[in-house]
Each structure stands twice: as structure tokens, then as C-alpha cells.
Amino acid sequence: MSIYDDPDITLEEITMELEYLIRDMILTGLKSVSMEYRAFRQFQKEKQSEDSPIDCDERF
């Protein structure tokens, strides 16, 4: 039985639960975006180091 099945629940309680749900969704989304951005920046740095002529000379 969920909180929304309770016939005695007030609108304020539903609103508070929905606020928690939305906050959790936003925080989870921000964490995911942050992880994706870090992975993308790491990829960019690796790609730039491969394309850099200075790094190519140092490898040989």
C-alpha cells in the first residue's frame, strides 16, 4: 500500500512527498550529468594529447 492509497492523507502530505520525489529525481539527474561530463572531458583530454605534435615527438 502506498502513501497515495491512504484515504486520510492530506494534500499537504502528498505535496511534501512529491517534493521529495522531484528533489531526488533532480539530484540523481545532476549526478548522472556530472559523471557524463567528467567522462567526456577525460575523453577530450586523451584525444587532445593524441593530436598534440609535442606528445608525438616524446613518444618516439
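Residue numbers run from 1 in the order of the sequence given.
Formation of a donor-acceptor pair under 3.5 Å by the Thr15 side chain with backbone atoms of Leu11 is found in this model.
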Would you mind writing out the side-chain donor-acceptor pairs for residues 35-42 within the sub-3.5 Å range, not counting sequence neighbours?
residue	atom	partner	partner atom	Å
Arg38	NH2	Ser34	OG	2.9
Arg41	NH1	Gln44	OE1	2.4
Gln42	NE2	Glu46	OE2	3.3

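Contact annotation: the side chain of Ile14 approaches that of Leu18 to within less than 4.5 Å [non-hydrogen atoms, C-beta and beyond].
Remark: Arg23 pairs with no residue by the side chain to side chain donor-acceptor pair (under 3.5 Å) rule, at least two apart or across chains.
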